[in-house]
Peer 1: 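If you scroll down you'll find the structure; I have some questions about it.
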Amino acid sequence: MKNGFRQSMAWLHTWTGLLVGWLLLLIFMAGTASYYREEISRWMRPELPRVSVDANVAAARALAFLEHKAPQAESWNVTLPDPRNPVMRMFWRNPESMVKPPVEGEKRRRGGGRFGDATVDPGSGEEVAARETRGGDFFYRLHFDLHYIPVLWARYLVGFCAMFMLVAIITGVITHKKIFKDFFTFRPEKGLRSWLDFHNVSAVMALPYHAMITYTGIVTLMFMYLPWGVNVAYPKDEDAFFSEAFARLADVEGPAEGRAASLPVQQLLDSARAEWKGAQVSGFTVFRPGAANAVIDIYQRDGKRLSVDTPSLRYNAVSGALIEASPLSGGATQTRGVMYGLHLARFADWGLRALFFLSGLIGCLMVASGVVLWAVKERPKHAKSGRIGFGLRLVDALNIGAVAGLPIAFAAYFWGNRLLPLQLAERADAEANVFFYAWGGALLAAFVWPKRLMWAWQLYLGAALFALIPVLNALTTHAHLGVTLRNGDWVLASVDLVMLAFGVMLAYCGLRMQRWQPALSASEKKKRQAAAAAAAAKVGVEAEASA
């Protein structure tokens, strides 16, 4: 630290932010979109009904559907509708004897045919014929599983980026001499000073959020990053650790015995609500359905709980007797559950969710301005030598491809949802491919010509793609603004309106970039002033001579 502690921290802040900045921007953007994963999923499946059905009625219809669809299944799992998700999602597990071996030359189905799933209309009890899509879950998985690479590698890579981000946050706070003054300071049209002010403001404005979301993101995967304690304490059975640590119900073991009619599911759900003092039910799992020893696990809805860990109850499905309840969590487990809950923000109402979303957008601006700031600071050094070095050219191309190119990819994903054929095989994968094809094209164009005009072109393209999404929606579906606004369907209408707002913002950024002129350095200003003074003196001499 020969340059002093603060200078060393500034150096560390610069390089920890720059080395992972572009991947971190993808993670931040996808994670921010995940706050509205349910709303995005609904917009991307416009065929889904918009109904409001009592939970008991929906549960009864779910079981009627499963009794017809999967009567031989070993277990049924049902997620009941809620205010953000109007349909029921079901999964079932088939016995091994029913699984057919894959046909040679055909792609093996995910799960090997052992598992089935369906999306069901709670109003009619019928399966919904909606388009295949990952919807908002694509962004949710993208922000920690990435894509095209093994999940384990992706999560280690994301954890590495998160650790660098945490270091950048801590060193950034240390580096700031006047952190509160920086919150109110922005000097436009000042070149490097303006970029630094913008980076400082975006960093300080949501600093508690940035620290919270980064640290809790690491906590969500802490047992993968630090598995040694579990391995030492539970060398032969790691599952036992997770059952004990997270106060889960024990696994249901043993085969089905005989046949017996289960109690009406409404009675079992009412018993669970009474145990929970009126708390709502999010879903349930029936093990050994139709058997005399059938049991049902009922799960409490998150509601306003900070913790992601929610209680559950197990009943005898035939007699209705309460078998067991999930035990109370210890202090460490509760702390981890709260941190996980803070990261996911399932507890947030519409106002708090919007605040989280805006804070995430500010985080995206902070990361984007940080990687751009490095290039702005380095450019005068390269200008003195008369050539742009490889490092700066690489950073310029990555900046354009990530900061201006990622919005193109996000918008293209929604376009793919509306334009790809509905019966296309592996349609959900094709939508994801559209995202990465668009991003790859933006990156390639940036590497071919990493100039300022490329910034404007890509920002304009992203603006056009976002702004035209409501128009595309109107041309391809019956769930457009003309219908959703009239019917008061603010979920679908808000998605269209937010897309339009993003288009306007990107168009403004493109216009500013097109008209932007780099600020003159102090030496360049002196040269121009000297040249102007010499020209004025020459004019004066000529005027005197002519007189």
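These figures come from a predicted structure and were not determined experimentally. Throughout, residue positions are numbered sequentially from 1 according to the sequence presented.
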Peer 1: Ignoring hydrogens, what is the shortest heavy-atom contact between Thr477 and Pro46? Give both atom names and the distance.
Peer 2: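 So the minimum-distance heavy-atom pair works out to CG2-CG, 3.8 Å.
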Peer 1: Which residues pass the side chain to side chain donor-acceptor pair (under 3.5 Å) test with His199, not counting sequence neighbours?
Peer 2: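 His199: side chain to side chain donor-acceptor pair (under 3.5 Å) contacts with Ser369.
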Peer 1: Determine whether the aromatic ring centres of residues Phe164 and Phe160 are separated by less than 6.0 angstrom.
Peer 2: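 Yes; Phe164 has its ring centre under 6.0 Å from that of Phe160.
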Peer 1: With a cut-off of 6.0 Å (strictly less than), are more than 12 heavy atoms of other residues, nucleotides or ligands near CE of Met505?
Peer 2: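 More than 12 heavy atoms, drawn from other residues, nucleotides or ligands, come within 6.0 Å of this atom.
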Peer 1: For residues 495-504, which side-chain donor-acceptor pairs fall under 3.5 Å, sequence neighbours excluded?
Peer 2:
{"residue": "Asp496", "atom": "OD1", "partner": "Trp43", "partner atom": "NE1", "Å": "3.1"}
{"residue": "Asp496", "atom": "OD2", "partner": "Asn473", "partner atom": "ND2", "Å": "3.0"}

Peer 1: Excluding sequence neighbours, so at least two apart, what forms side-chain contact (heavy atoms from CB on, under 4.5 Å) with Ser494?
Peer 2: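 Checked Ser494 against side-chain contact (heavy atoms from CB on, under 4.5 Å); matches are Trp490.
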Peer 1: Does Ile27 reach the side chain of Leu23, with side-chain heavy atoms less than 4.5 Å apart?
Peer 2: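 Sidechains of Leu23 and Ile27: in contact.
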Peer 1: Between Arg427 and Glu431, is there a side-chain N and carboxylate O pair less than 4.0 Å apart?
Peer 2: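 Glu431 and Arg427: salt-bridged.
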Peer 1: Pick one: which of Trp350, Tyr35, Tyr36, Tyr209 meets ring pair (Phe, Tyr, Trp, His ring centres under 6.0 Å) with Phe357?
Peer 2: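 Exactly one candidate clears the test, Tyr36.
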Peer 1: Measuring from atom CG of Leu465 to atom CH2 of Trp415, what distance do you get when rounded to the nearest 0.5 angstrom?
Peer 2: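 Rounded to the nearest 0.5 Å, the CG-CH2 separation comes out at 6.0 Å.
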Peer 1: Which donor-acceptor pairs under 3.5 Å do the side chains of residues 15-22 make with protein atoms, sequence neighbours left out?
Peer 2:
{"residue": "Thr16", "atom": "OG1", "partner": "Leu12", "partner atom": "O", "Å": "2.7"}
{"residue": "Thr16", "atom": "OG1", "partner": "His13", "partner atom": "O", "Å": "3.3"}
{"residue": "Trp22", "atom": "NE1", "partner": "Asn399", "partner atom": "OD1", "Å": "2.8"}

Peer 1: By side-chain contact (heavy atoms from CB on, under 4.5 Å), which residues pair with Arg379, not counting sequence neighbours?
Peer 2: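 For Arg379 the side-chain contact (heavy atoms from CB on, under 4.5 Å) partners, ignoring immediate neighbours, are Ala375, Ile388, Leu392, Asp396.
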Peer 1: Hey, does the side chain of Arg131 reach the backbone of Leu422 with a donor-acceptor pair shorter than 3.5 angstrom?
Peer 2: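 Absent.
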Peer 1: Heavy atoms only: give me the nearest Leu25-Cys364 pair and the separation to one decimal.
Peer 2: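 That closest heavy-atom pairing would be CD1-O, 3.5 Å.
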Peer 1: What I'd like to find out is whether the side chain of Thr171 reaches to under 4.5 Å of the side chain of Trp11, using heavy atoms alone.
Peer 2: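 Side chain of Thr171 against side chain of Trp11, heavy atoms only: no contact under 4.5 Å found.
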Peer 1: Measure from the side-chain N and O atoms of Ser41 to the backbone N and O of Gly136, and report whether any donor-acceptor pair falls under 3.5 Å.
Peer 2: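 The answer is yes, because a donor-acceptor pair under 3.5 Å joins these two groups.
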Peer 1: Do Leu492 and Val483 touch side chain to side chain, with heavy atoms closer than 4.5 Å?
Peer 2: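 Heavy-atom side-chain distance check fails, nothing below 4.5 Å.
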Peer 1: How many angstroms lie between atom CG of Leu306 and atom OH of Tyr340, to the nearest 0.5 angstrom?
Peer 2: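 Leu306 CG to Tyr340 OH: 15.5 Å, rounded to 0.5 Å.
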Peer 1: Only pairs at least two apart or in different chains count here, so list each side-chain hydrogen bond (donor to acceptor under 3.5 Å, both in side chains) that has a residue in residues 433-442.
Peer 2: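 Checked against side-chain hydrogen bond (donor to acceptor under 3.5 Å, both in side chains) - neighbours excluded - the pairs reaching residues 433-442 are Tyr148-Asn433.
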Peer 1: Please report the closest heavy-atom contact between Val491 and Glu39, naming both atoms and the distance.
Peer 2: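 The pair with the smallest heavy-atom distance is CG1-CG, 3.6 Å.
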Peer 1: Compare all side-chain heavy atoms of Val371 with those of Val395 and state whether any distance is below 4.5 angstrom.
Peer 2: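 Side-chain contact under 4.5 Å: no.
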Peer 1: Could you tell me the separation between the CE atom of Met163 and the CD1 atom of Ile218, rounded to the nearest 0.5 Å?
Peer 2: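 Spacing of CE (Met163) from CD1 (Ile218) equals 5.0 Å.
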Peer 1: Do side-chain atoms of Arg486 reach the backbone of Gly482 as a donor and acceptor pair under 3.5 angstrom?
Peer 2: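 Judged by distance alone, yes, a pair lies under 3.5 Å.
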Peer 1: Can you list everything that forms a side-chain contact (heavy atoms from CB on, under 4.5 Å) with Ser34? Sequence neighbours excluded, please.
Peer 2: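 Partners of Ser34 by the side-chain contact (heavy atoms from CB on, under 4.5 Å) criterion, ordered by chain and then number, come out as Phe139, Tyr140, His143.
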Peer 1: For the atom pair CZ (Arg353) and CD (Glu38), what is the distance rounded to the nearest 0.5 Å?
Peer 2: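 So the gap between those two atoms works out to 8.5 Å.
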Peer 1: With sequence neighbours left out, what residues match Arg346 under side chain to side chain donor-acceptor pair (under 3.5 Å)?
Peer 2: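 Once residues adjacent in sequence are excluded, Arg346 has no partner under the side chain to side chain donor-acceptor pair (under 3.5 Å) criterion.
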Peer 1: List the steps and the verdict of side-chain contact (heavy atoms from CB on, under 4.5 Å) for Thr333 and Asp309.
Peer 2: CA-CA 9 Å; Thr333 301; Asp309 300 321; 4.1 Å; yes
Peer 1: Please work out whether the ring planes of Trp457 and Trp449 are parallel, tilted or perpendicular, with thresholds of 30° and 60°.
Peer 2: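 Answer is tilted, since the angle falls between 30° and 60°.
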Peer 1: Checking Arg452 side chain against Met513 main chain: does a donor-acceptor pair fall under 3.5 Å?
Peer 2: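 Yes, Arg452 side chain to Met513 backbone: donor-acceptor pair under 3.5 Å.
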Peer 1: Using a 4.5 Å cut-off on heavy atoms from C-beta on, say whether the side chain of Asp489 contacts that of Arg42.
Peer 2: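 In short, these two side chains touch, coming nearer than 4.5 Å.
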Peer 1: Could you tell me whether the side chain of Thr214 and the main chain of Ala211 form a donor-acceptor pair under 3.5 Å?
Peer 2: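 Looks like no, no N/O pair under 3.5 Å.
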Peer 1: Identify, with sequence neighbours excluded, every residue that meets ring-ring contact (aromatic ring centres under 6.0 Å, His included) alongside Phe435.
Peer 2: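 For Phe435 the ring-ring contact (aromatic ring centres under 6.0 Å, His included) partners, ignoring immediate neighbours, are Phe138, Phe410.
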Peer 1: On a heavy-atom basis, which atom in Ala445 and which in Gln458 lie closest, and how many Å separate them?
Peer 2: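 Scanning both residues completely, I find the closest heavy atoms to be CB-NE2, 4.0 Å.
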Peer 1: Okay, side chain of Gln334, backbone of Ser329: is any donor-acceptor separation there less than 3.5 Å?
Peer 2: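 Checking the backbone N and O of Ser329 against the side chain of Gln334, a donor-acceptor pair under 3.5 Å is found.
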Peer 1: Looking at residues at least two apart in the chain, or sitting in another chain, which of them share a side-chain contact (heavy atoms from CB on, under 4.5 Å) with Arg45?
Peer 2: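 Partners of Arg45 under the side-chain contact (heavy atoms from CB on, under 4.5 Å) test: Glu47, Leu48, Thr119, Ala130, Thr133.
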Peer 1: Quick one: closest heavy-atom pair of Arg134 and Ala428, and the distance?
Peer 2: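 Scanning both residues completely, I find the closest heavy atoms to be NH1-O, 3.5 Å.
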Peer 1: Work out which heavy atom in Gly401 is nearest to a heavy atom in Ala446; give both atom names and the distance.
Peer 2: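 Shortest heavy-atom contact: N-CB, 3.8 Å.
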Peer 1: Can you name the residues that form a ring-ring contact (aromatic ring centres under 6.0 Å, His included) with Phe390, not counting sequence neighbours?
Peer 2: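 With sequence neighbours excluded, Phe390 shows a ring-ring contact (aromatic ring centres under 6.0 Å, His included) to no residue whatsoever.
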Peer 1: Count the heavy atoms belonging to other residues, nucleotides or ligands that lie under 6.0 Å from CZ of Phe347, then report whether that count exceeds 12.
Peer 2: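 Enclosed: over 12 neighbouring heavy atoms sit under 6.0 Å from CZ of Phe347.
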Peer 1: Can you tell me how far apart CD (Glu378) and CG (Leu373) are? Round to the nearest 0.5 Å.
Peer 2: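 With rounding to 0.5 Å, CD (Glu378) is 10.0 Å from CG (Leu373).
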Peer 1: Could you tell me the separation between the NE2 atom of His343 and the CZ atom of Phe356, rounded to the nearest 0.5 Å?
Peer 2: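 Rounded to the nearest 0.5 Å, the NE2-CZ separation comes to 10.5 Å.
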Peer 1: For residues 220-233, which side-chain donor-acceptor pairs fall under 3.5 Å, sequence neighbours excluded?
Peer 2:
{"residue": "Thr220", "atom": "OG1", "partner": "Gly217", "partner atom": "O", "Å": "2.6"}
{"residue": "Tyr225", "atom": "OH", "partner": "Arg155", "partner atom": "O", "Å": "2.6"}
{"residue": "Tyr225", "atom": "OH", "partner": "Gly159", "partner atom": "N", "Å": "3.2"}
{"residue": "Asn231", "atom": "ND2", "partner": "Pro227", "partner atom": "O", "Å": "3.3"}

